[in-house]
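Written below as structure tokens is the structure these notes are about.
Positions are given from 1 along the sequence. Bear in mind that the values here come from a model prediction, so they are computed numbers and not experimental data.
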Amino acid sequence: MSFVRYEEYSPVERPGYQEELDEVVRNVAQRTRESYERQGVGRAIRTAHGKSYGLVKATVTVGALRPEYAQGIFAEPGTYDAIVRYSNGLGHLRADSLLGAACGMGIKMFGVPGASLLTDEAHATTFDLNLINNRTFFANTVHDYLAIEPLFAQLPDALVNPATRKQWLGDFLTRQGTLRTPEEWLWDELFAMMSFTAVPRQNLLSYTYNSMGAFRYGAYIAKVRSVPTPESLEGIEHGEVDVQSDGEAFRNTLVGEAGARDHSFDLQVQLNTDLGRMPVDNTSVEWPESLSPWVTVARIDIPRQDISGEENLDAADGTSITPWRSREEHRPIGEIQRVREEVYRRSSIERHRINGQPRKEPAASAELLG
């Protein structure tokens, strides 16, 4: 099998990119500020992944790998201290019955050598992976993001309400009327968005979580995912998430399962073999496994622990996860990944400032969870 080398990928440079990015960043910063009043909980929240479900201690263990997979921080066997944040994908604080089932798994590893790609914390030893429980994503360019971000803020209400559903879908498909012909419309992105409505409600420790875009993987290009190990999945007893009878079902089943037994995930990568059929700049298209299999490069172990206290939610809320808290060998690539760099940074700055939370990377999991 022949893998695409990193230097074979050429970023798309579009006129007006920086101006549109500046507008997106301003909009996100404003929406973050407005969330203080809008949510009515005495603090600002994220415009996405606003509701935390819990923060758990973990370790990430890298084993001996074949040369093409032994890249970057996975080049040598080793074990990293880590934490994992679980969250709902939407930017609201509501009962789970009023939110969708799109959820995130944010992984933060400690003690990772090398300079961070975030210039304002280049010496931090943390390394983040932000993953979602869906295989595709619904925005691919800054131009898309500019139109879709305010529509995203209307979810899930706009799709639940028959009076607004058609208008919302039309605005999404046509990028709020700026795309005139069916050939231009955002079909891939719409199908990706609607796929989130099919995500089942189940224990957060039982999902497979995927990266929302591609990354440099040393000499190659890859996507990343975490998959529950068979023994971990088999042992889950709090599998059902009944949001109708319990408005905090996702958190309560996570608390119950984390407190009952150990859990584990395989961290896997899928190397790119064909830039045409495995596009970097279209995150709405799934990379076929027939072209390149998923290969385990590390194991995530989550020991049994008590996360039931309110202090755990406070720690989860104050934890920042961004794909750009990475290393050069794992640089995020693709236009929507570049958009995330400044959007996540500015959102974090605004949120921590309003909430009086220190914006400083911890050196170990013990700083957050004792």
Would Arg225 pass as a cation-pi partner of Phe265, given that its NZ or CZ must be under 6.0 Å from the six-membered ring centre and within 45 degrees of the axis? no
Tyr53 ring centre to Arg251 NZ or CZ under 6.0 Å, with the angle to the axis within 45°? no
4.5 Å side-chain heavy-atom contact, [X] and [Y]:
X      : Y      : result
Glu335 : Asp144 : no
Tyr86  : Tyr209 : yes
Gln202 : His238 : no
Leu55  : Leu368 : yes
Thr283 : Phe138 : no
Gln71  : Arg216 : no
Pro156 : Leu90  : yes
Thr253 : Leu204 : no

In terms of hydrophobic clustering (I, L, V, M, F, W, Y; side-chain heavy atoms under 4.5 Å; direct or indirect links), are [X] and [Y] co-clustered?
X      : Y      : value
Val343 : Ile321 : no
Leu271 : Val4   : no
Tyr220 : Leu117 : no
Val12  : Ile221 : no
Tyr80  : Phe127 : yes

Cationic N near anionic O, under 4.0 Å, [X] to [Y]:
X      : Y      : answer
Arg5   : Glu7   : yes
Glu237 : Arg261 : yes
Glu248 : Lys51  : yes

List in chain and number order the residues that pass side chain to side chain donor-acceptor pair (under 3.5 Å) with [X], two or more places apart in sequence or in another chain; answer none if no residue qualifies.
X      : value
Lys223 : none
Glu367 : none
Arg353 : Glu350

Closer than 3.5 angstrom, by distance alone: can the side chain of [X] be matched with the main-chain N or O of [Y] as a donor-acceptor pair?
X      : Y      : answer
Tyr145 : Glu20  : no
Asp266 : Arg299 : no
Ser35  : Ile45  : yes
Thr296 : Ala298 : no
Thr32  : Val28  : yes
His49  : Gly106 : no
Trp287 : Asn272 : no
Ser52  : Gly54  : no
Arg346 : Ala29  : no
Arg85  : Ala316 : yes

side-chain hydrogen bond (donor to acceptor under 3.5 Å, both in side chains) between Thr136 and Glu286: does it pass, once the steps are laid out? CA-CA 6 Å; Thr136 54; Glu286 185 177 354; over 6 Å; no
Hydrogens and angles aside, do [X] and [Y] bring a side-chain donor and acceptor to less than 3.5 Å of each other?
X      : Y      : value
Asp96  : Asn88  : no
Thr164 : Gln167 : no
Gln337 : Arg340 : yes
Tyr36  : Asn355 : no
Ser292 : Gln270 : no
Glu189 : Asn140 : yes

Between Glu240 and Arg201, does the salt bridge (Lys or Arg N to Asp or Glu O under 4.0 Å) criterion hold? Intermediate values first, please. CA-CA 7 Å; Glu240 183 180 353; Arg201 288 182 169 91; over 6 Å; no
For [X] and [Y], which heavy atoms make the closest approach, and how far apart are they?
X      : Y      : value
Ala192 : Ser195 : O-OG, 2.5 Å
Cys103 : Asn133 : N-OD1, 2.8 Å
Val60  : Ala82  : CG2-CB, 3.9 Å
Met105 : Ser226 : SD-OG, 3.2 Å
Pro293 : Tyr69  : O-OH, 4.4 Å
Ala101 : Pro200 : CB-O, 3.9 Å

Considering only residues two or more places apart or on different chains, which pairs with a residue in [range] satisfy salt bridge (Lys or Arg N to Asp or Glu O under 4.0 Å)?
range            : result
residues 315-324 : Arg43-Asp317, Arg46-Asp317
residues 113-131 : Lys108-Asp128, Asp120-Arg359, Glu121-Arg325, Asp128-Arg325
residues 272-284 : Asp274-Arg277

Using 30° and 60° as the class limits, which term best fits the ring planes of Phe196 and Phe137: parallel, tilted or perpendicular? perpendicular
Kindly determine whether Glu342 and Arg345 satisfy salt bridge (Lys or Arg N to Asp or Glu O under 4.0 Å), including the steps that lead there. CA-CA 5 Å; Glu342 186 59 20; Arg345 190 186 74 87; 2.8 Å; yes
Quick check: are there more than 12 heavy atoms from other residues, nucleotides or ligands sitting under 6.0 Å from CD of Glu234? no
Going by ring pair (Phe, Tyr, Trp, His ring centres under 6.0 Å), His330 matches just one of Phe215, Trp324, Phe74. Which one? Phe74
Given Asp157 and Arg94, is the salt bridge (Lys or Arg N to Asp or Glu O under 4.0 Å) satisfied, shown in steps? CA-CA 12 Å; Asp157 304 357; Arg94 299 176 176 175; 2.8 Å; yes
Only residue of Thr59, Ile73, Asp81, Thr125 satisfying side-chain contact (heavy atoms from CB on, under 4.5 Å) with Met109 is Ile73
I'd like to know whether Asn210 forms a side-chain hydrogen bond (donor to acceptor under 3.5 Å, both in side chains) with Asn134, so could you lay out the CA-CA distance, the side-chain angles of the two residues, the decisive distance to 0.1 Å, and finally the verdict. CA-CA 6 Å; Asn210 299 267; Asn134 204 35; over 6 Å; no
